[in-house]
Protein chains: 2
Amino acid sequence: MASIKDVAAEAGVSVATVSRALNGHPSVSPAARARVLAAVETLGYRPNAVARSLRTHQTRTLGLVISDVLNPYFAELARSVEEEARALGYSVIIGNADERPDLQDHHVATLLDRRIDGLLVSPTDGGSPGMLDAVRAGTPMVFVDRWLPGVDVPVVRSDGRKAVRDLVAHLHALGHRRLAIIAGPAATTTGRERVDAFREALGAYGLPLPDAYIGQGDFQAGSGRRVTEGFLALPEPPEVVFAADNLMALGALDAIRARGLRVPDDIALAAFDDIRWFVHTDPPITAIAQSTGELGRAAVRALVDRIGGRPGESVTLPARLVPRRSCGEPDPARSPSPVRRSTP
Amino acid sequence: MASIKDVAAEAGVSVATVSRALNGHPSVSPAARARVLAAVETLGYRPNAVARSLRTHQTRTLGLVISDVLNPYFAELARSVEEEARALGYSVIIGNADERPDLQDHHVATLLDRRIDGLLVSPTDGGSPGMLDAVRAGTPMVFVDRWLPGVDVPVVRSDGRKAVRDLVAHLHALGHRRLAIIAGPAATTTGRERVDAFREALGAYGLPLPDAYIGQGDFQAGSGRRVTEGFLALPEPPEVVFAADNLMALGALDAIRARGLRVPDDIALAAFDDIRWFVHTDPPITAIAQSTGELGRAAVRALVDRIGGRPGESVTLPARLVPRRSCGEPDPARSPSPVRRSTP
DNA sequence: GTCCCTCGTGTAATCGATTACACAAGGGAT
DNA sequence: ATCCCTTGTGTAATCGATTACACGAGGGAC
């Protein structure tokens, strides 16, 4: 593979001139520039990003550590992050932590070893050692979706509080009184917050949230199934199951179906995070939708600000309720065409 | 950030000794090794992968260029690729080409600039210039899922021919005679092959595949919707729609629903690529499942072989039919419990 | 003509690692 | 005692770029 020296030889100039010509430095004569460009063309030269990074101390690369690419929510997040990063001249390296703190640390360490310019993290857990080291070391960082309380890093996330209140209002209006939740890991902010918001919203209607109606999940389908089986085995099973993410809702659906029960007649179901398939499940599933794309883009902008030495602002976007049939027939007077309404 | 020089100073040895100690070189005295390790510990030193790569000419990084992370099939592929690569000591950088040749070229170029050790590609299109250059330049490469005919690169893929025959047999047994397909882009091998396999299987039953029953899609949901709308507007609409990937099946479902029709009573639906949601759609969707995880792992192994100078073998894995209710009730004698049967 | 400034270019240091080569010390064989 | 070999270590070259600094040529002001 041709190096800058080869180009210099081919063009009959020094490597400095080649570098200057290629980087748009002003003081290069048109003649020299032309010869460099011609040499680049004939040799098919492409600058070695590794060498450049070593010298300039920047890689123009961002790291993104998420907890599960198989979760459509994170896949969409990853996609929008890459898109915005590309627009700003950065590449993105994705690390999939699989909700495992050790894997998260592995990816953070690997990314740091590669001297990425900045790190976007959706922390899996209360804060793995490697991540905290990275913060302490001053790596430009932004939390996205989830965050670590007490750590001084900008946070870009959705606030589902309002949407959860809307959901509970919706459920209450449909006559449901015994509501249960499949929570995410308590160590994650989204895991805790969604439970808190749910409890708070229930409180506004004078409804309790007994411990038996709080199932501990891990954002994976398997846990949704197990927790739901537990709910269904209760002497007084809940009338509604609210899954804190879409994969646990999938697991809940598995469990309900295995029991031979029907949604929403026997039990209602709702989920945090909307995905396109929810329109076509049996029945269509009521969900709380985040502006995932905007989240990813805002996170990248905040991170690039930090990298550039600017403060990098935290952003909180609203989430919204998308009612469908999984909680019971919506009031026909207010939504004459549920089909229409549930299509984003 | 501490460099190898700092470690050398702290340990009172030369940089060479530090490097040797850290790389397990035999001739380092236990005393020196201990002091180096201690210095590494106190300074929190981590080797700079950029510098190491420049010197050693290897990055221990693989590139993976896929056409759409939002497609659960590719998300799963990406995940298994990363997993196997990690097990072999490699990192993976994913490039999302979004079915766009220009984006594919952008990612190939960026990855090459970063001097990745090898490239895994699921080519979007008949062969974008940058990709062919990469092949010509001798970059270790392996095609996964899709490939470019006539290009001398190992291919790791599924062969759906047998499964498609099974599907057509299944459809025929259910009494369907007018079968249509939503094809993928003709420039992709999977796009062409699935149509060919379908046509061939139909031929075995003496069924035609008229042009009007071949809709041109692009593996995205939108195209599935448009093509299906076209099918439904035909004077004699098909009895079955077979979507060449899961996203186009989603679009087809959208279109069918918008028309107020029902699956499978009014029209049957099947898809290539199985995803977990297909169990819970209304109705559950008959699909052809690939061993996606095994595909990704085999591809990484082949690529690492190539990088190591070994040949790197092509692999073809079988796909299998997973019948569900979207094509009509399966024969109750043979599958008394469709619920059971459709759960993988 | 002299001085000085600008412009274009080249030389060489530098980034942080790896590694060929040189070399000193110590031990065993003779 | 001498020679040689092994072992451990250091010096310095190297990877491929960027960039500070030096320098020569040319032009304008006086």
Side-chain angles (χ1 to χ4, degrees), chain A residues 1-37 39-40 43-61 89 91 109-117 137, chain B residues 1-40 43-61 89 109-117 137:
Chain A
M1 187 148 279
S3 82
I4 195 171
K5 276 190 204 158
D6 304 316
V7 177
E10 174 79 18
V13 296
S14 73
V15 294
T17 301
V18 174
S19 176
R20 283 189 278 248
L22 261 27
N23 291 296
H25 194 284
S27 67
V28 177
S29 69
R33 187 182 309 274
R35 278 157 56 209
V36 168
L37 261 26
V40 164
L43 296 176
Y45 169 75
R46 301 239 61 197
N48 183 326
V50 174
R52 169 179 291 165
S53 294
L54 178 59
R55 181 57 231 248
T56 60
H57 299 283
Q58 53 161 336
T59 50
R60 298 216 61 95
T61 302
S91 302
T110 311
L111 292 168
L112 257 32
D113 286 354
R114 278 161 198 263
R115 303 301 192 263
I116 45 141
D117 294 340
Chain B
M1 185 147 278
S3 84
I4 195 171
K5 275 190 205 159
D6 303 315
V7 176
E10 174 79 19
V13 297
S14 73
V15 293
T17 300
V18 175
S19 176
R20 284 190 278 249
L22 261 26
N23 290 297
H25 194 282
S27 68
V28 177
S29 69
R33 188 183 307 276
R35 278 158 56 211
V36 167
L37 261 28
V40 164
L43 296 176
Y45 169 75
R46 301 238 60 195
N48 183 327
V50 175
R52 170 179 292 166
S53 294
L54 178 59
R55 182 58 231 248
T56 61
H57 300 282
Q58 52 161 334
T59 50
R60 298 214 60 93
T61 303
T110 312
L111 291 167
L112 257 32
D113 287 353
R114 277 160 198 264
R115 302 301 193 262
I116 46 143
D117 294 342

For atom [atom1] of [X] and atom [atom2] of [N], their distance in whole Å:
X      : N      : atom1 : atom2 : value
B:M1   : C:dA17 : CE    : P     : 10 Å
A:L54  : D:dT14 : CG    : C1'   : 12 Å
A:R114 : C:dA17 : CZ    : P     : 15 Å
A:R55  : D:dT18 : CZ    : P     : 9 Å
B:H57  : C:dT18 : NE2   : C1'   : 10 Å
A:R33  : C:dC7  : CZ    : P     : 14 Å
A:D113 : C:dA17 : CG    : C1'   : 13 Å
A:H25  : D:dT19 : NE2   : C1'   : 8 Å

Can you tell me if [X] uses its side chain to pair, donor with acceptor, with the backbone of [Y] under 3.5 Å?
X     : Y     : result
B:R20 : B:S27 : no
A:S19 : A:V15 : no
A:N48 : A:V50 : yes

Of all the heavy-atom pairs spanning A:D6 and A:M1, show the shortest one and how long it is. OD2-O, 4.3 Å
Would you name the heavy atoms of A:R114 and A:T59 that are closest together and state the gap between them? O-CG2, 3.6 Å
Pick base, sugar-phosphate or nothing for [X], based on heavy-atom distances below 4.0 Å to the nucleic acid.
X     : answer
B:A32 : sugar-phosphate
B:S27 : base
B:S29 : sugar-phosphate
A:V50 : nothing
B:V18 : nothing

Base of D:dT18 paired with side chain of A:R52 (donor-acceptor, under 3.5 Å): no
For a quick check, tell me whether the side chain of A:R20 and the base of C:dG10 share a donor-acceptor pair closer than 3.5 Å. yes
With a cut-off of less than 4.0 Å, is there a side-chain N or O of B:T17 near OP1 or OP2 of D:dG10? yes
Can you check whether A:S19 has a side-chain N or O nearer than 4.0 Å to OP1 or OP2 of D:dT18? yes
Nearest of [options] to any side-chain atom of [X]?
X     : options                : result
B:P47 : D:dT18, C:dA17, C:dT18 : C:dA17
A:N23 : D:dG10, D:dG16, D:dT18 : D:dT18
B:A16 : C:dT11, C:dG16, D:dG10 : D:dG10
A:I4  : D:dA17, C:dA17, D:dT11 : D:dA17

Would you kindly compare A:K5 and A:L22 by the position of their nearest DNA chain D nucleotide and give the one closer to the 5′ end? A:K5
Min side-chain heavy-atom separation A:R35-A:V13 under 4.5 Å: yes
